[in-house]
Participant: 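If you scroll down you'll find the structure; I have some questions about it.
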Number of protein chains: 2
Amino acid sequence: MSLTYAILSALVGAPSSGYDLAKRFNPSVEGSVGFFWNASFQQIYRELNRLEEKEWLQAKSVQQENRPDKRIYSITPVGEQQLCQWISELEEMTPIKDELLVKLFVGHLVPRQTLLSKLENHRQQHQQRLAIYQQIKHQYFQEPQVLSEALKFQYMTLLRGIHHETGWLSWCDEIMPLLK
Amino acid sequence: MSLTYAILSALVGAPSSGYDLAKRFNPSVEGSVGFFWNASFQQIYRELNRLEEKEWLQAKSVQQENRPDKRIYSITPVGEQQLCQWISELEEMTPIKDELLVKLFVGHLVPRQTLLSKLENHRQQHQQRLAIYQQIKHQYFQEPQVLSEALKFQYMTLLRGIHHETGWLSWCDEIMPLLK
DNA sequence: ATTTTATATTCAATTTAGTGAATATTCTCA
DNA sequence: TGAGAATATTCACTAAATTGAATATAAAAT
């Protein structure tokens, strides 16, 4: 259900085409909803059509000369009202669901090197993702206390990404010695 | 696809009924797969039937006197082989998908107190979950260096849970002042 | 001139996940 | 004795996610 609201949220203050949205739903784009939600372009276009039909979004066709024409979606008052209501609802903690941990749980069934390689690989990926987040932090959020309201909230989600990645790194560092 | 393998993993060395499995797929049961995967009992029974049909699992009916009869599932050699092959495959980092962060991203649309209450609530839930994990750690994993191979891997997944919760707590502590 | 890449979107099919309702047995507690 | 809780499982429906294919325009690269 949340893709609905993730799209609505992404469009608040930033009307976008499906194509642009799809890019923003990718985790390595700055200031992006990709920090905390992701979806394929097919999912996004489908959801945009549903939301337009419900009139939570409205679309404006834009003729372009240098590229194919596109449709820019923006949130309607009804959509914003629905979004606000959803925000106010109670939500549960998101449970962990992670393939790597399933694999590790029965790690004794495979050679040690298999898992060690996986962990080294994951560690590196988390390190890279963290570097992206840190770069965004330094570029756009040098002085958090002077940010606009809207940006302050985006900064908080970025911080969540940073804590997420540092948590993975410290875990890797703690368990890799146990594996050797 | 991973529920398949999460179930296979859960049954390695611990044949169980659907009912017992369903309990183990709950995050607050010690030594449990619930640390890193969760599923409803309906999902689990359905998947057990599929896996029995594929002969990755076999079931043994057990008559009981004090309770309704049950079927105990255990992994077959084919199932274990499939599990090992899946473990060896490459997996991606699991992207974050979190409702609370979607809500926070557009937090400026609602009163501050709404989000502050949510954060306090989440902080408390993560704190409680962490306490459960710490308790399990102290009870079963006092001396990690002397654990059996199988238990050492389970310990690593428990540590992941601990890092996950501490990461959430430190994030809450960092952002809550920004919200006030 | 042709291929590739980027922009921009749609449709169909399948798989996986999630929810609600229902059934049956036995124990415990009032 | 009857209600409720715990054990044990199945069926049906709906929603969400995944995958593959397809179409079209225009720029850039070979």
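Residue numbers begin at 1 in each chain, while the letters A, B, ... track the order of the sequences.
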Participant: If the sugar-phosphate is the primed atoms plus P, OP1 and OP2 and the base is the rest, what is the B/S/- string for nucleotides 1-9 of chain C, using protein heavy atoms under 4.0 Å?
Facilitator: -----SBBB

Participant: Measure the shortest side-chain to side-chain distance between B:R123 and B:E120 over non-hydrogen atoms and say whether it is less than 4.5 angstrom.
Facilitator: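 A side-chain contact under 4.5 Å is absent here.
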
Participant: Holding to ring-ring contact (aromatic ring centres under 6.0 Å, His included), I want the full list of residues that pass it with B:Y19, two or more places apart in sequence or in another chain.
Facilitator: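 Partners of B:Y19 by the ring-ring contact (aromatic ring centres under 6.0 Å, His included) criterion come out as none, since no residue qualifies.
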
Participant: With distance as the sole test, does B:N38 use its side chain to make a donor-acceptor pair with the main-chain N or O of B:N26 at under 3.5 Å?
Facilitator: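 Flag not set: sc B:N38 to bb B:N26 has no pair under 3.5 Å.
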
Participant: Check the distance between D:dA8's P and B:L21's CG and give it to me in whole angstrom.
Facilitator: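 Distance, rounded to whole Å: 12 Å.
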
Participant: Over how many whole Å does the gap from A:Y5 atom OH to D:dA15 atom P extend?
Facilitator: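 After rounding, the reported distance stands at 13 Å.
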
Participant: So, are B:E99 and B:K118 salt-bridged, with charged N and O less than 4.0 Å apart?
Facilitator: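 B:K118 and B:E99: not salt-bridged.
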
Participant: Does the pair B:R50/B:E47 count as a salt bridge with the N-to-O cut at 4.0 Å?
Facilitator: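 Salt bridge between B:R50 and B:E47, a charged N being under 4.0 Å from a carboxylate O: yes.
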
Participant: What nitrogen or oxygen pairs link the protein and nucleotides 12-17 of chain C at under 3.5 Å?
Facilitator:
from   : atom 1 : to   : atom 2 : distance (Å)
C:dT16 : O3'    : B:M1 : N      : 3.3

Participant: Going through the distances and angles, do B:F105 and B:V102 end up as a side chain to side chain contact (heavy atoms under 4.5 Å, CB included)?
Facilitator: CA-CA 5 Å; B:F105 188 73; B:V102 177; 5.7 Å; no

Participant: Find out whether B:L100 and A:M93 are in side-chain contact, i.e. whether some heavy atom of one side chain is under 4.5 Å from a heavy atom of the other.
Facilitator: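 Sidechains of A:M93 and B:L100: no contact.
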
Participant: Do the side chains of B:E89 and A:K103 get close enough for a salt bridge, i.e. N-O under 4.0 angstrom?
Facilitator: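 A:K103 and B:E89: not salt-bridged.
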
Participant: Would you say B:N66 reaches C:dC27's phosphate, i.e. side-chain N/O to OP1/OP2 under 4.0 Å?
Facilitator: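 Answer is yes, contact under 4.0 Å.
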
